[in-house]
Amino acid sequence: MAQISLTFPDGNARSYDAGVTPAEVAESISKSLSKKAISAQVDGAHWDMQWPIKADAKIAINTPADDTAALELIRHDAAHIMARAVQEIWPDVKVTIGPVIENGFYYDFDRQEPFTPEDLGAIEKKMKEIINKRDPITTEIWDRERAIRYYQANNEPYKVELIEAIPGDEPLRMYWHGHWQDLCRGPHFQQTGQVPADAFKLMSVAGAYWRGDSDRPMLQRIYGVAFRNKNDLRAHLTMLEEAAKRDHRKLGREMDLFHMQEEAPGQIFWHPNGWRIFTELQNYMRRKQEAGGYVEVNTPQLVDRSLWEKSGHWEKFGENMFVVEVDEEHAREKAVNALKPMNCPCHVQIFNQGLKSYRDLPLRMAEFGCCNRYEPSGALHGIMRVRGFTQDDAHIFCAEDDIESETSIYIQWLTEVYTDLGFAEFKVKFSDRPEVRAGADEIWDKAEAALLDATRKAGIEPELNPGEGAFYGPKLEFVLTDAIGRDWQCGTHQVDFVLPERLDATYVGADGAKHRPVMLHRACLGSFERFIGILIENHAGKLPFWLAPRQVVVASIVSDADNYVHHVVKTLKARGVRAEADIRNEKINYKVREHSLSKVPAILACGLKEVEAGTVSVRRLGEKQTHVETLGSVADQLCAEATPPDQAKKHELTVV
RNA sequence: GCCGGCAUAGCUCAGCUGGUAGAGCAACUGAUUUGUAAUCAGUAGGCCGGGGGUUCGAGUCCCUCUGCCGGCACCA
């Protein structure tokens, strides 16, 4: 038999018969390794212990200590074991696919009856039985014909379709445990008992379209999480509880920020506290935009159909627009208007007023535009995904040659904003030309290169999203990561060759001829509503002092301190701090508890001692310790904290 | 939009197989003047999401609409 050479991680090589399996390799090294082994890496690929190795390769044997490999196998095998459990309980259920996902796995089933929470418990129990049976997992290669015949005979149409979709003459791999088998590319464990029986949990059932296509049947997806041990599972469940505590919908109610109601689905009733956050953030953005060379404009909410037809939105996004018909008194037909779903066509109208010269470019036009989009009901989510929202939108009208420099300037500016708002770390995604697109390839070449070069010059290597650009131009997306590791796509920066053309925007060049400007659509926060939701969840409601709607509560301990409390509040307000008095006839314990729960960052308690000494007792949110300080120094400190970051920086500069 | 679940007092939730709605917190009133995460007592509070049906009788069962929640699809 032919010999092959396998090189181990330590650099040593050994020779084996061609077709040797990692199981045999492990055995040849040591008994203990062969016992522990779960899979292998062969030339970097994750390799089943039973798969033959036919040529020279680098090999490493994985043990349960190898996080990535172990978790992948645990989750993948758990998915298969779940599918087997389901079919053992309900033999008529049809199986489809069951991949590994973050923290766990899912499997999609076709079953008439819906799965209930009680069913999940029964499935879990059955899964544990299967694990405890320690059934050996074996693998076989089948040809397509045999596999198709097998699945046809077993009435598994989804599997037949999957096989038919696998290209070419690739051999098909079947996995068996016990009498049960599934088509799978592997790798898997050696026996079902290698999945920890106490470290997985079935979480939920949800509908999911077959092959992700909304025109195809809806299947039932069961989601599970799986880990290497009980403790990791417990830690994950605790993390989920923590995330639930941060839910902006819950905190929004507790902090009295906003509410929503049936009569206005997907729209927000902002209460005073919430609106304070909104305006504070908007004031900040307005100052930043002004500093960044933007001009701010405001355009109509309700715009006649004809403009949307010209811009192309009517045809492409009409389904998602709120349309308003009005009986105008002199008109023969009803006037048809739409609430603006975006600001760009209106901005072009402003650009088109009068003649623009190349000297006017780049023209950075910003609007806190209130937009309405008819989002499908199932897409709505708290204040994160709504039907009425405010964008921090801007369009930069510039020459093609300016794309790169404007992109650089924008990335710099956006970095400052994200840093000020507590998101110093962010990722950039780059989407290039889609199959169906407008504009000549040379222009796309130039625009894509400009976006990429500008991003790299900012020291960021973007992730690539091939083919994901808009039909009218390539784009950058800015993704920030929150305090518990979740990603939020917020900023965008898109090149648009099409809209200036459609709406006939022109400028007079140095050559005296008319030219077509390029438009850069950009937003940094995305929508204020969603961004505030992200801020609330990121900070678990404990917003930075300058954004906190209620910054200070001054609480009396005895009613003889009431006058002093009012004096303290007045002093702080005069320094621009949002302070309020709490002189209710309640114990200080009660007041501290209540204001702490509603996330007021600073509580100043005043009793007779403070009245006499002209001090306050300071208690900061989240701290048990209190300290007594003079009113003057507390006011100085809180005033500094209440200053928004951009103004604080400016202040530093003028002082230095 | 699709699949599933849910909708009871301001909030969080009880209310078994149909027999006329209950708790805690909040609110209000009174007492208490209090030292850093709940002082005590009392009072009031509900078209049980909307509409229709079954029944002698519906918060409870059925149909339907709306909204919310978890996913899927969507996200210019």
Side-chain angles (χ1 to χ4, degrees), chain A residues 106 108 110-111 113-117 119 203-223 244 247 249-250 253-254 256 259-266 308 311-321 340-345 371 373-382 384-387 389 391 470-473 475 489 492 494 496 498-499 521 526-527 530 555-562 583-598 603-610 617-628:
Chain A
Y106 67 77
D108 286 347
D110 185 10
R111 179 186 182 222
E113 299 290 302
F115 289 110
T116 65
D119 290 341
M203 304 296 286
S204 60
V205 189
Y209 295 109
W210 169 232
R211 315 213 100 190
D213 183 343
S214 58
D215 292 330
R216 312 200 65 177
M218 173 76 59
L219 306 171
Q220 293 191 65
R221 175 172 299 177
I222 301 180
Y223 283 96
D247 191 315
R249 293 166 296 195
K250 182 172 136 73
R253 193 169 44 239
E254 287 171 3
D256 194 16
H259 84 271
M260 301 174 88
Q261 63 186 52
E262 254 187 61
E263 289 83 349
W308 302 116
S311 71
H313 291 102
W314 191 266
E315 192 200 356
K316 251 187 123 64
F317 307 107
E319 294 271 289
N320 299 306
M321 284 161 70
K340 68 176 170 189
M342 49 184 19
N343 309 297
C344 28
C371 297
R373 296 179 186 175
Y374 183 82
E375 301 285 0
S377 57
L380 301 177
H381 177 87
M384 301 276 208
R385 186 86 183 266
V386 287
R387 288 181 178 158
F389 56 95
Q391 291 180 313
F471 77 94
Y472 52 76
K475 68 177 171 187
Q489 201 249 100
T492 58
Q494 311 197 15
D496 187 349
V498 173
L499 199 62
H521 303 251
S527 101
R530 178 163 174 273
S556 58
I557 296 172
V558 290
S559 50
D560 284 343
D562 288 358
I583 54 165
R584 287 176 304 170
N585 179 8
E586 294 291 352
K587 284 190 152 182
I588 191 66
N589 288 306
Y590 182 89
K591 297 183 184 180
V592 164
R593 178 180 150 83
E594 191 181 275
H595 300 305
S596 299
L597 284 174
S598 61
I603 298 170
L604 309 184
C606 302
L608 289 179
K609 279 185 249 170
E610 286 76 14
S617 169
V618 183
R619 181 180 170 125
R620 298 301 300 249
L621 182 59
E623 289 174 17
K624 261 214 144 70
Q625 212 54 38
T626 64
H627 65 277
V628 176

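Proteins come first, then strands; the chains are lettered A, B, ... in the order of their sequence lines, and each starts at number 1.
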Could you give the distance separating B/A37 and B/A44 at their C1' atoms, to the nearest angstrom? 28 Å
Would you mind classifying the nucleic acid contact of A/A605 as base, sugar-phosphate or nothing, using non-hydrogen atoms under 4.0 angstrom? base
Using both distances under 3.5 Å as the test, list the Watson-Crick or G-U wobble partner of B/G24, or none. B/C11
When we call it a touch if two heavy atoms are under 4.0 Å apart, what does A/L608 touch: a base, just sugar-phosphate, or nothing? base
What does A/H381 touch in the nucleic acid at a heavy-atom separation under 4.0 angstrom: a base, only the sugar-phosphate, or nothing? sugar-phosphate
Looking at A/Y374 and B/G1, is any side-chain donor or acceptor paired with a base atom of the opposite kind under 3.5 Å? no
Is there a donor in the side chain of A/Q625 and an acceptor in the side chain of A/H627, or the other way round, less than 3.5 Å apart? no
Nearest to the A/S596 side chain among B/C72, B/A37, B/A73, which nucleotide is it? B/A37
Sugar-phosphate, base or nothing in reach of A/F317, heavy atoms under 4.0 Å: base
If we take the C1' atom in both B/C63 and B/C28, what is their distance in whole Å? 42 Å
In whole angstroms, the gap separating C1' of B/C69 from CG of A/D247 amounts to 10 Å
Checking only heavy atoms, does the side chain of A/S559 share a donor-acceptor pair with the base of B/U33 at less than 3.5 Å? yes
Quick one: label A/Y223 by what it contacts on the DNA or RNA (base, sugar-phosphate, nothing), any heavy atom closer than 4.0 Å. sugar-phosphate
For A/L219, report the nucleic acid contact type (base, sugar-phosphate, nothing); a contact means any heavy atom under 4.0 Å. nothing
Once you apply a heavy-atom cut-off of 4.0 Å, does A/E610 come out as touching a base, just sugar-phosphate, or nothing? base
Considering only heavy atoms and no angle criterion, is a donor-acceptor pair shorter than 3.5 Å present between the side chain of A/R385 and the base of B/C74? yes
Picking from B/U36, B/A37, B/A27, which would you name as closest to the side chain of A/Y590? B/A27
Nearest to the side chain of A/H313, heavy atoms from C-beta on, is which of B/A76, B/G1, B/C68? B/A76
Sticking with atom C1', work out how far B/C13 lies from B/A26, rounded to a whole angstrom. 14 Å
So A/Q220, base contact, sugar-phosphate only, or nothing? Heavy-atom distance under 4.0 Å. nothing
Pairing nucleotide - B/U39, Watson-Crick or G-U, each distance under 3.5 Å: B/A31
Base, sugar-phosphate alone, or nothing: which one does A/G312 contact when heavy atoms must sit under 4.0 Å apart? nothing
Which of B/A73, B/A37, B/G35 is nearest the side chain of A/A379? It is B/A73
5' precedence on RNA chain B between A/M218 and A/Q494 (nearest-nucleotide basis): A/M218
Give the rounded distance in Å between these two atoms: CZ of A/F115 and C1' of B/C3. 13 Å
Looking at B/A37, B/G67, B/A76, which one has an atom nearest to any side-chain atom of A/P265? B/G67
Residue-phosphate contact under 4.0 Å: A/R619 side-chain N/O, B/A37 OP1/OP2: yes
Return no unless some side-chain N or O of A/R249 is found under 4.0 Å from OP1 or OP2 of B/C11. no
Identify which nucleotide among B/C2, B/A76, B/C69 has an atom closest to any side-chain atom of A/R373, counting heavy atoms from C-beta outward. B/A76
For B/A58, give the paired nucleotide (Watson-Crick: N1-N3 plus N6-O4 or O6-N4; G-U: N1-O2 and O6-N3; both under 3.5 Å), or none. none
If you look at every strand shown and take non-hydrogen atoms under 4.0 Å, does A/A208 touch a base, only sugar-phosphate, or nothing? sugar-phosphate
Residue A/I588, side-chain heavy atoms: nucleotide from B/G70, B/G35, B/C11 that is nearest: B/G35
Can you see if the side chain of A/N589 gets near the phosphate of B/U36 - specifically, an N or O under 4.0 Å from OP1 or OP2? no
Which nucleotide in B/C68, B/U39, B/C11 has an atom nearest any side-chain atom of A/L380: B/C68
What nucleic acid atoms does A/N320 come within less than 4.0 Å of, heavy atoms only: base, sugar-phosphate, or nothing? base
Go through B/U39, B/A73, B/A76 for me and flag the one nearest to the A/Y209 side chain. B/A73
Using a cut-off of 4.0 Å on non-hydrogen atoms, how would the nucleic acid contact of A/K591 be classed: base, sugar-phosphate, or nothing? nothing
Measuring from atom NE2 of A/H521 to atom CE of A/M342, what distance do you get when rounded to the nearest 0.5 angstrom? 7.0 Å
Determine: side-chain N/O of A/R253 to OP1/OP2 of B/U12, distance under 4.0 Å, yes or no. yes
Taking any heavy-atom pair under 4.0 Å as a contact, classify A/P114: base, sugar-phosphate, or nothing. sugar-phosphate
Between the CG atom in A/L621 and the OG atom in A/S596, the distance rounded to the nearest 0.5 Å is 6.0 Å
